[in-house]
Amino acid sequence: MDLQVAPPLGTLRPLASTHHRPKASATAAPSTSSSSSAESLKPRPRLPRQPHQSPVPRPRPSLPALCAAIERHAAAGRHADALDVFRLARAGAPFTPLPLATYHSLVAAAAALRDPGAAAAVAWHMESSGSEMGVYEHNLVLAMYLRCGMLGEARRVFEGMAERNGVTSGVVMGGLVDRGRPRAALAVFREMWAEAGGCGEVARPRAVVVAVRAATAAGSVPAGRQLHCCVVKMGPCDDDGDRYLSCALLDMYSKCGQVDEARRVFDGMAPHQRTIVAWNSMLAGYVLHGRSEEALELYHEMRGSGVDMDQFTFSTMLRVFGRLGLLEHAKQAHAGLIQRGLPLDIVGNTALLDLYCKWGRMEDARNVFERMPKRNLISWNALIAGYGYHGMGDKAIEVFERLIAEGIVPNHVTFLAVLNACRFSGLVDKGKRIFQLMARNPKTKPRAMHHACVIELFGREGLLDEAYLMIRRAPFTPTANMWGALLTASRVHKNMHLAKLAAEQLLAMEPEKINNYVVLLNLYICSGRQDDACKVVETLKRKGLCISNACSWVTIKKKDYRFFFKDSLHPQCAEIYRKLDTLMKEIKEAGYVAEENELLPDIHPDEQNISRAYHSERLAIAFGLISTSPCTPLRITQSHHLCRDCHKIIKFLTKVTKREIVVRDGSRFHHFRLGICSCGDYW
DNA sequence: TTAGGGTTAG
């Protein structure tokens with residue numbers, strides 16, 4: 001065999017001084033030294049081969065040389081190379097026992113690669129070699145089997161062990177956590193802790209870290225706190241152990257919903273112990289609990305502290321920027337990542353894609369998607385959902401069909417995204433077809449949210465009977481979302497009978513949800529049932545529930561400005577109203593005719609009596625227009641649905657001012673551009 | 001002085 005062409009050997013170094021475990025190897029393998037074979041493992045300069053010269057066959061390297069190569073590869077983390085050399089050593093040679101140190105390396109390599117085939121081969125070789133297997137070796141093999149998911153083999157080793165120690169328990173605990181049995185792992189720890197008399201050598205930091213991981217996986221704060229007490233009881237250990245322990249505790253508190261406790265652990269860490277993982281975990285904790293502002297603050301602190309940020313930091317921060325609407329920050333972070341030569345991983349790319357989707361920058365989102373070196377279902381779902389809620393239903397369906405054509409199996413999130421896309425774009429037939437496709441597969445049986453989505457789709461098209469049938473035929477008790485969808489539809493199409501039926505059902509199901517009262521109240525007023533309306537108001541008073549005022553926000557230079565109906569609080573109030581009056585004149589000249597009065601479902605009736613001319617969204621837009629330079633797109637967020645008149649006005653405004661206006665109302669995004677809205681007037 | 005140890009997306 002020509003060793004030069006065997007891939008793993010191309011990276012081998014000479015046997016000389018760099019051997020990481022000379023003692024173990026030398027004692028376990030007292031075979032003859034063969035420096036000439038060792039020399040043959042040196043990387044050789046690649047010389048251009050003469051066409052007429054046949055390669056000179058090289059001698060097979062000696063066993064000690066191969067063993068040394070295995071150990072070196074494994075120590076350097078080149079696990080696949082280590083196993084390749086092992087295969088090479090066995091190929092065509094009679095069975096020869098290897099030194100124990102080489103077996104250690106091979107077991108570690110098979111475990112790291114989670115390769116059951118290699119694990120079986122290595123274990124067989126090791127057992128056949130007649131080497132003396134102590135607790136150390138058994139622990140290693142046990143860990144390897146667990147990592148490779150070979151549970152039967154793991155049990156056989158565990159049961160056959162003459163001696164077990166703290167490491168054995170740690171290994172078993174890790175295996176249990178990985179197999180989704182964190183409580184069983186915690187039981188092992190408790191046993192171990194009791195045996196050690198509450199502390200001592202057995203409860204070493206690594207075992208406690210595994211136990212904390214188990215508490216995290218079990219979502220158990222009491223178990224996590226108990227472990228925290230154990231850590232305090234144990235007192236400080238070495239720097240490395242302390243670092244891992246703090247990090248595991250931080251993660252545990254944060255994933256168990258105690259993010260402030262997590263922050264205390266973080267603050268309690270010595271600055272030199274705050275590794276990038278600790279910072280990232282803390283950031284992730286804030287993101288997990290929707291505390292984006294604090295994540296941003298921590299990120300600034302992180303930049304100031306000089307920590308070397310990694311891909312993980314950027315991926316997490318892209319989500320934060322997305323939530324805070326800081327597109328420029330996101331772009332800068334992305335540029336910084338490229339500058340550092342760090343590729344954006346699949347998570348980061350998906351976060352970026354999602355961010356562009358949320359900003360309605362669908363072309364940018366698509367570019368990110370197409371350039372991703374690897375995609376998964378989450379990336380596909382993000383893009384489909386993005387097209388959907390920005391009113392590009394056809395594009396969403398195109399991507400969905402491509403996903404199916406590529407043989408990817410959609411899940412319930414994919415279906416929700418594509419059904420929502422049909423809903424937002426009024427694509428009834430396609431929505432029906434997709435719902436049927438979903439129902440045909442037992443693995444993707446439509447859930448309540450999919451039903452609610454299709455009910456809305458039917459409802460908005462005026463197919464109220466079909467919508468109501470969907471509720472009656474649902475194979476489970478209809479949920480509040482489903483009744484809510486029917487309510488919206490029947491209200492829009494002025495079917496008061498069905499609307500009241502749905503509203504009453506909804507109120508019975510969620511008596512504390514204030515919006516249900518507002519909807520019912522407005523319905524009673526609309527249908528002239530003043531007595532019933534008064535009863536609703538009384539109920540609200542009795543329950544101490546208060547309907548909050550509808551408001552709109554406009555974001556200008558990273559700052560939010562809030563407006564209420566007929567607001568006069570803003571210092572530039574006079575200017576805003578003047579601008580609004582001018583704008584109204586301009587759009588009237590362009591053909592705008594006011595829509596007839598409409599009672600909004602989610603606004604207090606008293607507020608609706610105020611002239612629509614000063615709806616909060618109009619004030620926010622007028623302020624946005626006078627506070628930004630021409631061509632700057634405006635972003636408005638509001639607490640309530642857009643009324644038909646405001647929707648029409650904004651369409652005209654984008655035509656006369658040539659501005660792009662994005663409104664996120666109580667249920668969706670509206671992208672207004674040159675007189676057209678992305679919702680296609682369905683909302 | 002060694003086997004078991006930490007963070008992410010729809």
Side-chain angles (χ1 to χ4, degrees), chain A residues 21 24 100-101 103-105 107-108 111 134-144 146-147 164-178 185 188-189 192 204-214 216 238 240-252 254-255 262 265-266 273 275-288 310-320 322 344-355 357-358 369 372 375-386 388-389 410-418 420:
Chain A
R21 257 189 222 153
L100 213 48
Y103 285 126
H104 292 171
S105 300
V107 172
V135 64
Y136 181 92
E137 283 73 29
H138 281 128
N139 282 339
L140 266 176
V141 175
L142 177 64
M144 173 183 73
L146 284 171
R147 274 212 155 178
R164 294 173 192 152
N165 62 11
V167 175
T168 319
S169 309
V171 171
V172 169
M173 282 162 57
L176 286 167
V177 176
D178 290 342
V188 173
F189 182 78
M192 181 179 166
R204 293 157 60 154
R206 282 185 181 226
V208 187
V209 169
V210 185
V212 175
R213 238 183 87 213
T216 313
D238 59 285
D240 199 44
D242 278 341
R243 196 176 66 231
Y244 274 100
L245 274 172
S246 304
C247 217
L249 286 170
L250 189 164
D251 185 47
M252 180 274 296
S254 138
K255 293 230 176 89
V265 174
F266 180 80
Q273 288 187 326
T275 56
I276 181 68
V277 180
W279 286 93
N280 287 345
S281 299
M282 197 60 240
L283 278 181
Y286 282 133
V287 175
L288 185 67
D310 64 2
Q311 288 164 301
F312 196 101
T313 320
F314 287 104
S315 295
T316 311
M317 286 315 296
L318 282 173
R319 293 176 65 200
V320 174
L344 201 54
D345 62 7
I346 188 163
V347 179
N349 264 315
T350 310
L352 189 65
L353 157 71
D354 192 45
L355 192 138
C357 285
K358 299 234 163 82
F369 180 81
M372 280 171 77
R375 300 181 195 118
N376 60 17
L377 195 53
I378 297 177
S379 339
W380 285 91
N381 290 352
L383 186 68
I384 295 172
Y389 52 63
N411 67 1
H412 69 278
V413 184
T414 322
F415 279 110
L416 190 64
V418 71
N420 257 324

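First the proteins, then the strands, lettered A, B, ... as listed; each starts at 1. This one's a predicted model, so the numbers in the text were calculated from it and none came from an experiment.
Between dG5(B), dT7(B), dT8(B), one nucleotide has an atom nearer to the side chain of Arg319(A) than all others, and that is dT8(B). Distance from the side chain of Tyr136(A) is smallest for dT2(B) among the nucleotides dT8(B), dT2(B), dG5(B). Listed nucleotides dT7(B), dA3(B), dA9(B) differ in distance to Val167(A); the shortest reach to its side chain belongs to dA3(B). For Asn139(A), counting side-chain heavy atoms from C-beta on, the closest listed nucleotide (dA9(B), dA3(B), dG4(B)) is dA3(B). Of the listed nucleotides (dA9(B), dA3(B), dT7(B)), dA3(B) has the atom at the smallest distance from the side chain of Leu140(A). Ranking dG5(B), dT8(B), dA9(B) by closeness to the Ile378(A) side chain, first place goes to dA9(B).
Gly348(A) comes within 4.0 angstrom of nothing in the nucleic acid, heavy atoms only. Using a 4.0 Å heavy-atom cutoff across all strands shown, Ala385(A) reaches no nucleic acid atom at all. Among the atoms of the strands shown, base atoms are found under 4.0 Å from some heavy atom of Arg206(A). At the heavy-atom level, Ser281(A) lies under 4.0 Å from the strands shown only through sugar-phosphate atoms. Asn411(A) comes within contact range of at least one nucleobase, with a heavy-atom separation under 4.0 Å. Within the 4.0 angstrom heavy-atom criterion, base atoms lie near Thr275(A). Within 4.0 Å of Ser315(A), counting heavy atoms only, lies at least one base atom of the nucleic acid. At the heavy-atom level, Asp310(A) lies nowhere under 4.0 Å from the strands shown.
Straight-line distance from the CD atom of Gln273(A) to the P atom of dG5(B): 20 Å, rounded to whole Å. In this structure, Asp240(A) places its CG atom 14 Å from C1' of dT2(B), rounding to the nearest Å. In this structure, CG of Asp251(A) is placed 6 Å from P of dT8(B), rounded to the nearest angstrom. When rounded to the nearest whole Å, the span between CD1 of Ile276(A) and P of dT8(B) equals 14 Å. If you take CG of Leu146(A) and C1' of dG5(B), they are 15 Å apart, rounded to a whole angstrom.
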Take Ser379(A) and Asn349(A), measure what side chain to side chain donor-acceptor pair (under 3.5 Å) needs, and give me the verdict at the end.
CA-CA 8 Å; Ser379(A) 339; Asn349(A) 264 315; over 6 Å; no

Apply side chain to side chain donor-acceptor pair (under 3.5 Å) to residues Thr414(A) and Asn411(A) and explain how you reach the verdict.
CA-CA 5 Å; Thr414(A) 322; Asn411(A) 67 1; 2.9 Å; yes

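For Asn376(A) and dA9(B), a side-chain-to-base donor-acceptor distance below 3.5 Å is present, hydrogens and geometry of angles not being considered.
Side-chain contact of Asn280(A) with Thr316(A): a donor-acceptor pair under 3.5 Å is absent, judged by distance alone.
Remark: Arg243(A) is not in phosphate contact with dG6(B), judged by side-chain N or O atoms under 4.0 Å from OP1 or OP2. At dT8(B), one or more side-chain N or O atoms of Lys255(A) fall inside 4.0 Å of OP1 or OP2 (strictly under the cut-off). The side chain of Arg147(A) contributes an N or O atom lying less than 4.0 Å from OP1 or OP2 of dG5(B).
Nearest approach of Ile384(A) to Ala417(A), heavy atoms of both residues: CG2-CB, 3.8 Å.
Across Val277(A), Val209(A), Asp242(A), a single residue satisfies side chain to side chain contact (heavy atoms under 4.5 Å, CB included) together with Cys247(A), and that is Val277(A).
Relative ring orientation between Trp380(A) and Phe369(A) is described as perpendicular, the plane-to-plane angle rising above 60° on a 0-90° scale split at 30° and 60°.
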